[in-house]
Amino acid sequence: MFATCCQRRQKAPLAGGDQMTAPVRVRFAPSPTGYLHIGGVRTAIFNYLFARRHGGTFILRIEDTDRQRSTSEATEQILDSLRWLDIAFDEGPYFQSQRGELYHAHLQRLLAEGKAYRCYCTAEELERKRRQAEAEKRTYVYDRTCRERDPHEDPAGRPFTVRFRMPDEAPDHFADLIMGHIPIDPAKLDDWILARSDGSPTYNFCVVVDDADMRISHVIRGNDHVENTPKQIMLYRALGYQVPQFAHMPLTHGPDGSKLSKRREEEYRRQGISVSVQEYRRMGYLPQALFNYLTRLGWSHGDQEIFTREELEQLFDLDHVGRSAGVMNPDKLRWVNQQYLMQSDDAELARLLVPFLAERGIEAADDERLSGICGQLKPRAHTLVEMAAMANYFFKPPPAYDEKAARKWFKPEAAGLLERVAAELERLEPFTDAGLEEAFRRLADELTAGKLGKLAQPVRLAMTGTTASPSLFFIMAVLGRDETLARLERAREFINGDAGVT
RNA sequence: GUCCCCAUCGUCUAGCCAGGUCCAGGACACCGGGCUUUCAAUCCGGCAACAGGGGUUCAAAUCCCCUUGGGGACGCCA
């Protein structure tokens with residue numbers, strides 16, 4: 001089936017022989033033990049896109065077998081994050097906690113067929129053996145103490161785990177759609193635990209049973225699962241189920257080069273990244289931008305950087321998924337977000353901006369005025385948080401003037417300039433963007449030798465408190481005559497009062 | 001430690017499977033310039049990489065081997 005002479009990790013062919021006709025069914029299976037991890041989202045996206053591309057089915061399965069750590073709040077958060085990103089599933093969510101009977105039935109069947117056995121070794125004994133193996137520098141595998149015991153001689157009443165009776169014959173490799181040809185080390189194929197001593201099924205067992213039951217055709221998941229795969233494959237076979245195709249995607253790393261970890265959240269925060277999807281929402285990223293960025297992290301389509309959702313659903317493929325881990329780069333994410341901001345509809349942005357303004361104590365309505373402001377601000381901001389910050393002076397007079405700018409533009413003679421401007425604006429008709437520009441050009445000819453900048457900068461400083469802003473004429477028109485004049489007056493007072501200080 | 005995986009600019013990547021068109025292309029960031037009422041946006045230009053060493057070949061970023069570096073997995077977690 002595979003050219004054994006070829007050692008290069010050539011990607012396995014997408015569909016091989018008998019699997020040609022099987023419908024594409026993929027799943028995303030997060031465990032609800034906290035917020036949705038950004039690496040998890042990327043896995044979800046790849047699965048989702050793969051399903052869309054092949055006209056398949058995307059299934060959501062909540063892996064909540066760990067009853068201690070799983071919470072319904074976490075499930076809600078995961079659902080909410082997926083909704084935010086517009087990653088819709090076609091089936092589910094299924095909850096493993098509600099599928100106990102299925103696992104139990106499979107367990108009984110394996111036991112009855114002699115493909116699994118009860119193990120009475122205690123956790124302490126196993127721990128000791130594990131440590132000993134470690135001391136002797138051996139790789140620990142279960143020593144099969146309980147494997148050959150006659151079931152009738154089982155010690156009664158003692159708790160037991162159920163172990164998989166690993167067959168001796170195993171394939172020497174498995175095919176991975178991303179990683180290629182992965183060798184299977186028979187030494188690592190041990191009699192792993194299917195069910196804990198409290199009767200609950202383990203992850204590796206549930207995954208196989210569920211994936212088989214749900215007729216999953218392609219298992220697309222993180223690279224950290226490759227080592228589980230051979231064991232799972234053996235279970236599929238023992239159960240007589242068809243083995244799905246596997247695609248292990250490279251993990252997402254932090255700037256330090258190691259796997260993103262929830263424990264390093266503080267460190268990441270300082271660098272502008274996070275492991276939590278919801279945090280990106282708070283930071284003012286657009287879901288489409290995050291989706292685009294995460295997809296491009298590890299997948300590419302020539303030189304294209306920005307994709308519409310439709311393009312992604314049409315173009316995504318496993319062939320162009322790289323094999324090496326990707327590092328989260330906040331600068332690139334910010335740029336992608338800006339691209340989406342610029343493409344966004346002004347009214348839509350206004351709607352999105354309202355809560356971010358509220359965060360800053362600005363109660364604004366998503367009206368036409370705000371839409372106009374968004375239109376001006378969108379190429380200047382990278383995130384909604386930045387945009388809200390930039391919008392400040394449209395709602396409140398500048399709380400202070402930038403010091404350096406004031407030294408440069410608020411010299412004593414500027415007071416006279418501002419006074420002339422004010423006098424002109426008092427009777428300007430119409431008080432519009434265009435009207436203002438015309439008036440300013442005229443004034444500049446008269447007052448600053450035609451240098452519009454010399455006139456505009458002090459006025460801009462008076463309006464915004466800084467020297468960087470969208471078109472000054474737009475700002476004044478939005479503020480209106482009264483507020484414009486009021487700010488001009490405030491600036492004059494500032495100059496007259498502080499002129500000697502600087 | 002054992003096993004597995006990975007390796008092109010600082011980062012994301014194209015190119016690799018089908019060796020020559022690659023003194024390696026794009027993007028982010030950074031630097032310079034144009035445009036401009038400022039700042040953005042935009043346009044033009046610049047800096048910057050095939051980890052190292054051996055092979056194979058007329059020819060290697062591309063194929064093979066080794067070394068080095070990085071990552072991941074080694075649970076009655078998922």
Side-chain angles (χ1 to χ4, degrees), chain A residues 6-11 29-33 63-66 68-70 96 119 121-123 126-127 130 133-141 159-163 176 179-180 182-185 187-188 192-198 200 202-204 206-207 222-228 248 250-251 253 255 257-259 293 296-306 319-320 322-336 338 342 376-381 390 405 409 437 440-441 444 451-457 459-461 464 466-473:
Chain A
C6 182
Q7 290 307 300
R8 184 161 192 278
R9 298 278 176 265
Q10 222 179 93
K11 293 178 185 187
S31 61
T33 53
E63 311 222 316
D64 54 354
T65 48
D66 185 342
Q68 320 302 330
R69 298 196 297 147
S70 299
Q96 287 191 326
C119 170
C121 297
T122 65
L126 297 174
E127 183 53 31
R130 185 172 296 114
E134 199 177 325
E136 291 170 18
K137 299 190 172 179
R138 284 178 307 148
T139 303
Y140 169 79
V141 285
F160 58 87
T161 59
V162 176
R163 284 186 184 270
D176 190 282
M179 290 304 175
I182 296 182
I184 292 175
D185 178 4
K188 294 181 73 181
W192 51 286
I193 292 174
L194 303 173
R196 305 180 183 93
S197 48
D198 67 358
S200 63
T202 61
Y203 165 78
N204 276 307
C206 295
V207 171
N223 215 346
D224 47 349
H225 288 284
V226 279
E227 319 273 336
N228 288 329
H248 289 95
L251 301 178
H253 285 186
S258 67
K259 185 176 155 183
Y293 174 78
R296 261 297 333 249
L297 184 61
W299 173 82
S300 61
H301 180 71
D303 290 337
Q304 192 170 348
E305 298 285 350
I306 304 298
D319 269 357
H320 293 88
R323 298 189 189 89
S324 50
V327 175
M328 280 292 275
N329 183 328
D331 285 329
K332 182 77 171 265
L333 210 208
R334 284 163 56 75
W335 177 79
V336 173
Q338 182 185 39
M342 287 192 289
Q376 287 292 312
L377 258 23
K378 63 185 187 182
R380 283 162 241 261
M390 289 176 180
W409 298 106
E437 174 155 10
F440 266 73
R441 295 213 179 267
K451 302 273 190 197
L452 186 52
K454 297 245 187 211
L455 185 62
Q457 285 304 73
V459 177
R460 187 188 313 278
L461 188 55
T464 70
T466 73
T467 51
S469 82
S471 163
L472 181 57
F473 315 122

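Scope of the values below: all heavy atoms of this structure, side chains included, with no hydrogens, waters or symmetry mates. Note that this is a predicted model, so its numbers are computed, not measured. Numbers restart at 1 for each chain; the letters A, B, ... are given by sequence-line order, proteins then strands.
One finds a side-chain N or O of A/Lys259 lying less than 4.0 angstrom from the OP1 or OP2 phosphate oxygen of B/A73. Phosphate proximity of B/A14 to A/Ser300: present, with a side-chain N or O under 4.0 Å from OP1 or OP2. Between A/Arg296 and B/U13 there is no side-chain N or O to OP1 or OP2 distance below 4.0 Å.
Atom C1' of nucleotide B/G72 and atom CD1 of A/Ile182 are separated by 12 Å, given to the nearest angstrom. Whole-Å rounding puts the A/Asp319 CG to B/U13 C1' distance at 16 Å. One can place CD of A/Glu227 at 16 Å from P of B/G71, the figure rounded to the nearest angstrom. B/G72 atom C1' lies 16 Å from atom CZ of A/Arg323, rounded to whole Å. At whole-Å resolution of the value, CG in A/Asp176 and C1' in B/C5 are 10 Å apart. We find that NE2 of A/His225 is positioned 9 Å from P of B/A73, with the value rounded to whole Å. We find that CG of A/Leu126 is positioned 7 Å from P of B/C76, with the value rounded to whole Å. Between A/Glu136 atom CD and B/G1 atom C1' the separation is 13 Å, expressed in whole Å.
The neighbour count for A/Gln304 CD, taken as heavy atoms of other residues, nucleotides or ligands under 6.0 Å away, is above 12.
Nucleotides B/G54 and B/A60, compared at atom C1', are 13 Å apart to the nearest Å. To the nearest whole angstrom, the two P atoms, one in B/A29 and one in B/U42, are 10 Å apart. B/C31 and B/C47: their C1' atoms are spaced 7 Å apart (whole Å). Atom name C1', nucleotides B/G19 and B/C63: the rounded distance is 8 Å, in whole Å. For the P atoms, the distance from B/A61 to B/C44 is 30 Å, rounded to whole Å. Nucleotides B/G15 and B/U62 have their C1' atoms positioned 8 Å apart, rounded to a whole Å. Annotation: B/C28 and B/G46 have their C1' atoms spaced 16 Å apart (nearest Å). When the P atom is used for both B/C16 and B/U38, the distance is 47 Å, rounded to whole Å.
At the heavy-atom level, A/Lys378 lies nowhere under 4.0 Å from the strands shown. Among the heavy atoms of the strands, none lies under 4.0 Å from A/Ser200. In this structure, A/Leu472 reaches the bases: a heavy-atom distance under 4.0 Å links it to at least one base atom across the strands shown. Nucleic acid contact for A/Arg334: none, since no nucleic acid atom lies under 4.0 Å from a heavy atom of the residue. Among the protein residues, A/Leu251 comes within range of the sugar-phosphate backbone only, with heavy atoms under 4.0 Å from sugar or phosphate atoms but none that close to a base. If you check every strand for non-hydrogen atoms under 4.0 Å, A/Ala123 touches a base. Residue contacts shown for A/Ser197 include a base, since a base heavy atom lies under 4.0 Å away. Within the nucleic acid shown, A/Arg441 comes within 4.0 Å of sugar-phosphate atoms alone, with no base atom in reach, counting heavy atoms only. Here A/Asn228 lies in heavy-atom contact (under 4.0 Å) with a base. Contact annotation for A/Thr161: base contact, defined as any heavy-atom pair under 4.0 Å involving a base atom.
Annotation: side chain of A/Met328 is in contact with side chain of A/Leu297 (closest heavy-atom distance under 4.5 Å). Side-chain contact between A/Cys206 and A/Glu63 is absent, with no heavy atoms from C-beta onward closer than 4.5 Å. Considering only heavy atoms from C-beta on, A/Glu305 comes within 4.5 Å of A/Arg296 through its side chain. Between A/Trp335 and A/Ile306 there is a side-chain heavy-atom pair separated by less than 4.5 Å.
Within the 3.5 Å criterion, the main-chain N or O of A/Ile193 finds a donor-acceptor partner in the side chain of A/Thr202. Put simply, the side chain of A/Arg460 never gets that close to the backbone of A/Ser471: no donor and acceptor are under 3.5 Å apart.
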Does the side chain to side chain contact (heavy atoms under 4.5 Å, CB included) test come out yes or no for A/Thr161 and A/Trp192, once each step is laid out?
CA-CA 10 Å; A/Thr161 59; A/Trp192 51 286; over 6 Å; no
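Nearest-nucleotide assignment on RNA chain B puts the 5′-proximal partner with A/Gly298, out of A/Thr65 and A/Gly298. Heavy-atom nearest nucleotides on RNA chain B were determined for A/Arg196 and for A/Asp185, and the one closer to the 5' end corresponds to A/Asp185.
When both distances must be under 3.5 Å, the Watson-Crick or G-U wobble mate of B/U42 is B/G34. Nucleotide B/C22 forms no Watson-Crick or G-U wobble pair with any nucleotide shown, as no partner meets the under 3.5 Å limit on both distances. Pairing of B/C3, defined by two Watson-Crick or G-U wobble distances under 3.5 Å, is identified with B/G72. When Watson-Crick and G-U wobble pairs are counted only if both distances are under 3.5 Å, B/C63 pairs with B/G55.
Salt-bridge check for A/Arg441 with A/Glu437: passed, with a basic side-chain N closer than 4.0 Å to an acidic carboxylate O.
For B/G75, the base has no donor-acceptor partner in the side chain of A/Glu127 [N/O atoms by modelled type, under 3.5 angstrom]. Remark: the A/Asp303 side chain and the B/G25 base include a donor-acceptor N/O pair separated by less than 3.5 Å. Residue side chain A/Glu305 reaches the base of B/G26 through a donor-acceptor N/O pair under 3.5 Å, judged by distance alone.
Nearest heavy-atom pair, A/Tyr203 versus A/Asn228, reported as atom, atom and distance to 0.1 Å: CE2-ND2, 4.2 Å. The shortest non-hydrogen separation linking A/Pro250 to A/Asn223 is CA-ND2, 3.8 Å. A/Met390 and A/Arg380 get closest at one heavy-atom pair: CE-O, 3.0 Å.
The aromatic ring of A/His253 does not sit over the base of B/G72, since the test of centres under 5.5 Å and planes under 30° is not met.
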Which atom pairs link the protein and nucleotides 39-42 of chain B when you take only N or O atoms and keep those under 3.5 Å?
| from | atom 1 | to | atom 2 | distance (Å) |
| --- | --- | --- | --- | --- |
| B/C39 | O2 | A/Arg380 | NH1 | 2.6 |
| B/C39 | O2 | A/Ser469 | O | 3.4 |
| B/C39 | N3 | A/Arg380 | NH1 | 2.4 |
| B/A40 | O2' | A/Pro379 | O | 2.3 |
| B/A40 | O2' | A/Arg380 | N | 3.3 |

Please write out each protein N/O paired with an N/O of nucleotides 9-11 of chain B under 3.5 Å, distance rounded to 0.1 Å.
| from | atom 1 | to | atom 2 | distance (Å) |
| --- | --- | --- | --- | --- |
| B/U11 | O2' | A/Asn329 | ND2 | 3.4 |

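A/Asp198 and A/Ser200 share a side-chain donor-acceptor pair at under 3.5 Å.
When distances are taken from the side chain of A/Arg69 to each of B/C77, B/A7, B/A73, the shortest belongs to B/C77.
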